[in-house]
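Please read the structure below before turning to the comments.
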Number of protein chains: 2
Amino acid sequence: MPGTPEERNESLDVIQRELTAFARRARAAAARLHPELPLVSYTLLAHIEDQHGCRATDLAAHYMLDKSTVSRQIGTLEKLGLVERHPDPDDHRIQVLHPTAAGTQALASTQASRRMAYQERLADWTEEDLARFAKYLLRYNSAGDTVPPAQQTPKA
Amino acid sequence: MPGTPEERNESLDVIQRELTAFARRARAAAARLHPELPLVSYTLLAHIEDQHGCRATDLAAHYMLDKSTVSRQIGTLEKLGLVERHPDPDDHRIQVLHPTAAGTQALASTQASRRMAYQERLADWTEEDLARFAKYLLRYNSAGDTVPPAQQTPKA
DNA sequence: ATAATTCGTTGTAATATACAACTGAAACTC
DNA sequence: GAGTTTCAGTTGTATATTACAACGAATTAT
């Protein structure tokens with residue numbers, strides 16, 4: 001069983017390298033999976049649905065994007081008729097974003113093709129391995145949520 | 001223990017969602033970790049060193065990038081004095097790429113800061129979990145190597 | 001009320017990328 | 001061995017993704 005610090009570092013290096021490789025390939029892979037959706041926007045749309053509506057600011061925070069980037073992406077999604085903006089009656093600064101019917105449908109179809117690709121790719125994994133891998137990824141990503149500040153100087 | 005198809009699908013969806021979220025955040029995270037290296041090129045440089053020299057075409061294949069993209073990235077790295085091109089004596093079409101001394105050093109320093117970040121983020125993971133996570137990532141990424149064709153019509 | 005904060009948009013610029021056309025070099029065909 | 005095909009890499013061009021800064025409108029705090 002693993003135990004030495006060297007083994008720990010080796011694992012860390014592998015994790016780092018493989019996650020990086022994955023990230024570098026992700027754009028191209030996504031382009032293959034759904035050429036129809038502007039490709040970045042897909043992710044935002046998925047999050048909007050997942051949250052049952054959210055604000056642009058929430059998206060920016062979740063994906064570490066600038067608000068201007070999100071603003072333009074949402075603009076694209078709106079032009080495509082995939083999201084709607086509903087002004088919050090209590091606070092006119094806020095736009096609550098929701099998928100349109102077309103947006104929900106586009107998501108479903110994209111989701112289906114993505115799931116197929118994953119199913120194929122992970123076909124020979126046991127349920128136990130899949131469950132563990134999923135758990136590790138969740139744990140990894142949620143760890144980041146507590147760290148990310150970096151250059152914000154709050155309450156200054 | 002997991003066993004039903006529904007549980008399998010649930011795991012697949014989690015894996016898909018979390019990998020996607022990771023990929024979306026990766027650019028911003030990388031920018032924080034090494035603002036000095038042109039940020040994409042870092043990955044290419046790392047692969048070149050890892051392979052003890054390789055061709056531009058190998059990089060394009062490994063990261064699913066167009067050869068023109070790689071060509072320009074290598075050009076940037078060369079201008080920065082981080083890689084050298086050595087024409088293959090046996091085949092004048094080929095340029096074998098190697099990190100320069102400065103390139104190796106830049107990599108080492110970047111690698112160190114990356115490793116620190118990962119160490120911090122994964123500090124509370126056991127060695128066993130790290131080893132398993134690393135193994136899963138390797139397995140996941142290597143699975144892709146056999147699938148990717150997609151729109152190539154070989155031997156037609 | 002006035003000031004400070006928050007949410008979002010727009011102007012501008014940098015970077016990353018793909019696709020197509022092209023050059024030079026090797027390999028293959030006959 | 002001339003002609004064709006394939007391979008490695010570059011360059012022209014266009015698009016996409018993103019950030020930063022300046023701004024506008026609405027809300028909250030003083």
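So you know, we letter chains A, B, ... as the sequences are listed, proteins then strands, and number each from 1. Since we're looking at a predicted model, the values are computed, not measured.
When each of B:V96 and A:H92 is assigned the nucleotide of DNA chain D with its nearest heavy atom, B:V96 is the one assigned upstream, toward the 5' end. Heavy-atom nearest nucleotides on DNA chain C were determined for A:A28 and for A:T57, and the one closer to the 5' end corresponds to A:T57.
For A:R55 and C:dC7, the CZ to P distance is 5 Å, given to the nearest whole Å. Rounded to whole Å, the distance from CG on B:L97 to C1' on D:dG9 is 11 Å. For the pair A:L65 CG and C:dC7 P, the computed distance is 16 Å after rounding to whole Å. The distance from atom CG of A:D58 to atom P of C:dT6 is 14 Å, rounded to the nearest whole Å. A straight line from CD of B:Q73 to P of D:dT10 spans 12 Å, rounded to a whole angstrom. The distance from atom CD1 of A:I74 to atom C1' of C:dT9 is 13 Å, rounded to the nearest whole Å. Between A:L77 atom CG and D:dT17 atom P the separation is 10 Å, expressed in whole Å. Rounded to an integer number of Å, the gap from CD1 of B:I94 to P of C:dG24 is 18 Å.
Pairing analysis of DNA chain D (Watson-Crick: purine N1 to pyrimidine N3 plus N6-O4 or O6-N4; G-U wobble: N1-O2 and O6-N3; both under 3.5 Å) yields stems of 3 or more pairs at C:1-6 with D:25-30, C:8-30 with D:1-23.
Side-chain contact check for B:K67 versus B:T57: every heavy-atom pair is 4.5 Å or farther apart. In this structure, the side chains of A:L65 and A:L59 stay at 4.5 Å or more apart for every pair of heavy atoms. Residues A:R27 and A:V40 fail the side-chain proximity criterion, which asks for heavy atoms closer than 4.5 Å.
The residue A:D91 sits close only to the backbone: its heavy atoms come under 4.0 Å of sugar-phosphate atoms, none of a base.
Comparing atom distances between the B:R24 side chain and each of D:dT18, D:dT6, C:dT9 picks out D:dT18 as nearest. With D:dT18, C:dG8, D:dT27 as the choices, the nucleotide that has an atom nearest any side-chain atom of A:V40 turns out to be D:dT18. Of the listed nucleotides (C:dT6, C:dT9, D:dA8), D:dA8 has the atom at the smallest distance from the side chain of B:K67.
Using modelled atom types and a 3.5 Å distance limit, the side chains of A:E84 and A:T100 yield no donor-acceptor pair.
Contact between the side-chain N/O atoms of A:R72 and the OP1/OP2 oxygens of C:dT12 is not found at any separation under 4.0 Å. In this model, the phosphate group of C:dT9 is approached by a side-chain N or O of A:R85 to a distance below 4.0 Å at OP1 or OP2. Checking the phosphate oxygens (OP1, OP2) of D:dT18, no side-chain nitrogen or oxygen of A:T69 falls inside 4.0 Å.
B:D88 contributes no side-chain N or O that, together with a main-chain N or O of B:I94, makes up a donor-acceptor pair within less than 3.5 Å. Under the 3.5 Å distance criterion, the side-chain polar atoms of A:R25 are matched with a main-chain donor or acceptor of B:H62.
By the 30° and 60° cut-offs, the orientation of the rings of A:Y63 relative to A:H47 is perpendicular.
In terms of polar N and O atoms assigned as donor or acceptor, the side chain of A:S71 never comes within less than 3.5 Å of the base of C:dC7 in a complementary pairing.
When each of A:H86, A:R85, A:R55 is checked for a side-chain hydrogen bond (donor to acceptor under 3.5 Å, both in side chains) with A:Q95, only A:R85 meets the rule.
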